[in-house]
Amino acid sequence: MSNKTSQQRPPIVVVLGHVDHGKTSLLDAVRNTSVQSGESGGITQNIYISDILWKEKRVTFVDTPGHEVFSLMRVNGGKVADIALLIVAADESIKPQTLESFQIIQQQGVKFIVVLTKIDKPEANTQKVINDLVANGIYLEGYGGDIPFVEVSAHTKEGLDKLLDLVFLLTEVENLLDPENEKLKLMEQYRDAAEAITSYGVVLDSSVDKALGKTIFAVLKYGTLAKGDSLYIGEQKEKAGMLFDSLKKPIKEVVAGQAFIMTGLQELPASGIDIVKTADGAAFEKELKKNQHKDLVDEHSSEEDLLDSIFNDGHEFVVPVIIRTDVKASLQSILPTFEKFNNERLAVKVVSSGVGGITTNDVDMALTFKAVLLGFRVKAPNNVQDYARQNHLEFKTFDVVYHLYDYLSEHISNVMGQGGDKMTQIGTLRVKQVFTLSDGTVVAGGVVTDGEIRKSGICRVMREGVLVGEYGITSLRVLKDERNEVKKGSECGLNLGKGADVKEGDTIEVVAKTR
């Protein structure tokens, strides 16, 4: 097959790795944008896509979340990829999400490049990272294997040109863009119905837009799409509505390799669902019937049936939950993690879940089922807030996922009668300097930005929105004076004991027991 044929669409490159190893910062450097600065807690909590022009060639980058709860979103990012970038910070080496991302790459059978980031940092140790990768079965070129790798810095831009050149080189050498490869994959999945498929894509995210209604954010891997085309999105028949590129600019047609937004949907599809345009709908529907799936929550169950299933399952304690999220992918990622709270005595039961803002119906259901009502990156209109207050119902919304878990955990403790004492945040400190004493004791110096710091409190060290450790305060000083508490606006030093994981720029949240 000719090189021209293999290059008829841009390669799709997924970016995978640990939560704070510089995935989004790396793309920021390439595309000169700053998605990360607008993210709650500094975590990429949705999938972002960028179409980038490099030496008159286009490449589509898919940035996936690194927080552990968003594993499913990373899998779906891997599903659409021609090439994966496995990001590893040179100052920290491999982490749990690094290994999970490697497993996703292997499962999806995607060619990949290892990218060592943050090489400009004084504590960077690329040789240690290479040794750790090899020890975990990731054999790099020159170190017993054939996996290409490149060292980069988002801050200095070092290595970025080499990385992009390597993406296109790997694409050409492996002939990754041959449309026949996509056809073979479709045949594996849809068998006899594959021959009639003229276009194929994957949903990465879906949401409800105030102006546009139900929308999807997707990537087209094969064929073309235009407004008015008849499609299957999963099992749902749809007609393509308005089309936009990844920057929300209107387009007339979507071509292979392009990220796009589509409106006009009847239903919100889940992340990872296929988009198919076919010349033989009957054959395709026949294949669909063989692989029908069930929704996570049966929305057609009667209220009486739901009450019975929730409260009569043998558990001593039951915590009903109603949750609304910004996009379907967030919902898919968060729902399964509620199971981690379950044990022999307690069960968390999802009464209702969905995408979009909190409604008066949600309030009514929370009252009926005595459920905790939660929102993730959504809001409630003023009339809903007023309605909730009138009915003495408190609901909570969150922008950072671990805060949602903290609240649910505290609620569960109260339900089980274990919530006499609870931890309440009383102050925050921005770390400006870190000192390690000769005996390994770590001292963090900084300014109190909110509330107060108490010597009796517990320090929660937050790095880019992620909890990295909890430590007691063995000493609290202002200059050389020992203090029991330090108020907002003052600078102080906290002795956090030996081996504490804290860095310049971290935020320390101080919590204390309250009744």
Side-chain angles (χ1 to χ4, degrees), residues 40 45-46 67-73 206-208 268 270-271 294-381 384-385 387-389 391-419 422-423:
S40 302
Q45 299 186 111
N46 295 104
H67 193 280
E68 63 180 350
V69 71
F70 295 109
S71 174
L72 181 62
M73 293 168 76
S206 59
S207 61
V208 179
L268 274 184
S271 172
K294 295 182 179 180
D295 291 334
L296 287 168
V297 178
D298 183 359
E299 296 179 358
H300 301 291
S301 295
S302 70
E303 189 174 286
E304 184 177 332
D305 289 339
L306 275 173
L307 282 167
D308 184 66
S309 66
I310 288 169
F311 294 106
N312 295 312
D313 69 345
H315 284 92
E316 183 180 353
F317 300 100
V318 175
V319 176
V321 172
I322 298 170
I323 182 166
R324 294 287 178 262
T325 66
D326 57 339
V327 292
K328 193 88 172 189
S330 297
L331 187 65
Q332 284 180 278
S333 298
I334 291 172
L335 280 177
T337 64
F338 287 159
E339 294 179 5
K340 72 180 182 179
F341 294 105
N342 295 344
N343 54 48
E344 291 182 357
R345 299 178 63 202
L346 174 124
V348 173
K349 297 290 188 73
V350 178
V351 174
S352 176
S353 62
V355 175
I358 294 171
T359 66
T360 54
N361 185 57
D362 296 328
V363 175
D364 287 336
M365 288 194 72
L367 292 168
T368 299
F369 293 97
K370 295 182 173 56
V372 55
L373 178 53
L374 305 172
F376 179 68
R377 305 188 85 186
V378 296
K379 296 180 180 180
V384 176
Q385 295 180 39
Y387 185 65
R389 278 193 293 268
N391 286 278
H392 309 290
L393 177 80
E394 181 183 31
F395 63 84
K396 292 288 186 180
T397 61
F398 304 90
D399 287 329
V400 178
V401 71
Y402 71 83
H403 286 160
L404 183 151
Y405 291 145
D406 283 350
Y407 177 79
L408 183 57
S409 179
E410 183 180 308
H411 178 82
I412 288 170
S413 294
N414 289 333
V415 168
M416 298 181 71
Q418 301 170 350
K422 63 180 181 179
M423 303 303 289

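Residue Leu373 is tested with Val351, Val321, Ile322 for a side-chain contact (heavy atoms from CB on, under 4.5 Å); the sole match is Ile322.
Residues Ser409 and Ile412 form no side-chain contact, since every pair of their non-hydrogen atoms from C-beta on lies 4.5 Å or further apart. Side-chain contact between Ile334 and Ile323 is present, with heavy atoms from C-beta onward closer than 4.5 Å. A 4.5 Å side-chain heavy-atom check between Phe398 and Lys396 finds at least one atom pair inside the cut-off. Asp362 is listed as a side-chain neighbour of Arg324, based on a closest heavy-atom distance under 4.5 Å.
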CA sep, side-chain torsions, deciding dist, call: Leu374, Leu404, side-chain contact (heavy atoms from CB on, under 4.5 Å): CA-CA 8 Å; Leu374 305 172; Leu404 183 151; 4.1 Å; yes

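When all heavy atoms of Ala366 and Leu393 are compared, the pair lying nearest together is CB-CD2, 3.8 Å. Minimum heavy-atom separation, Leu408 to Val319: CD1-CG1, 4.5 Å.
Asn361 pairs by the side-chain hydrogen bond (donor to acceptor under 3.5 Å, both in side chains) definition with nothing, not counting sequence neighbours. Residues passing the ring pair (Phe, Tyr, Trp, His ring centres under 6.0 Å) test with Phe338, sequence neighbours excluded: none. With sequence neighbours excluded, no residue forms a ring pair (Phe, Tyr, Trp, His ring centres under 6.0 Å) with Phe341.
In this structure, Leu367 CG and His392 NE2 are separated by 10.0 Å, a value rounded to the nearest 0.5 Å. Within the model, atoms CG of Asp364 and CZ of Phe369 stand 11.0 Å from one another, a figure rounded to the nearest 0.5 Å.
Remark: the backbone N or O of Val348 is paired with a side-chain donor or acceptor of Asn342 at under 3.5 angstrom.
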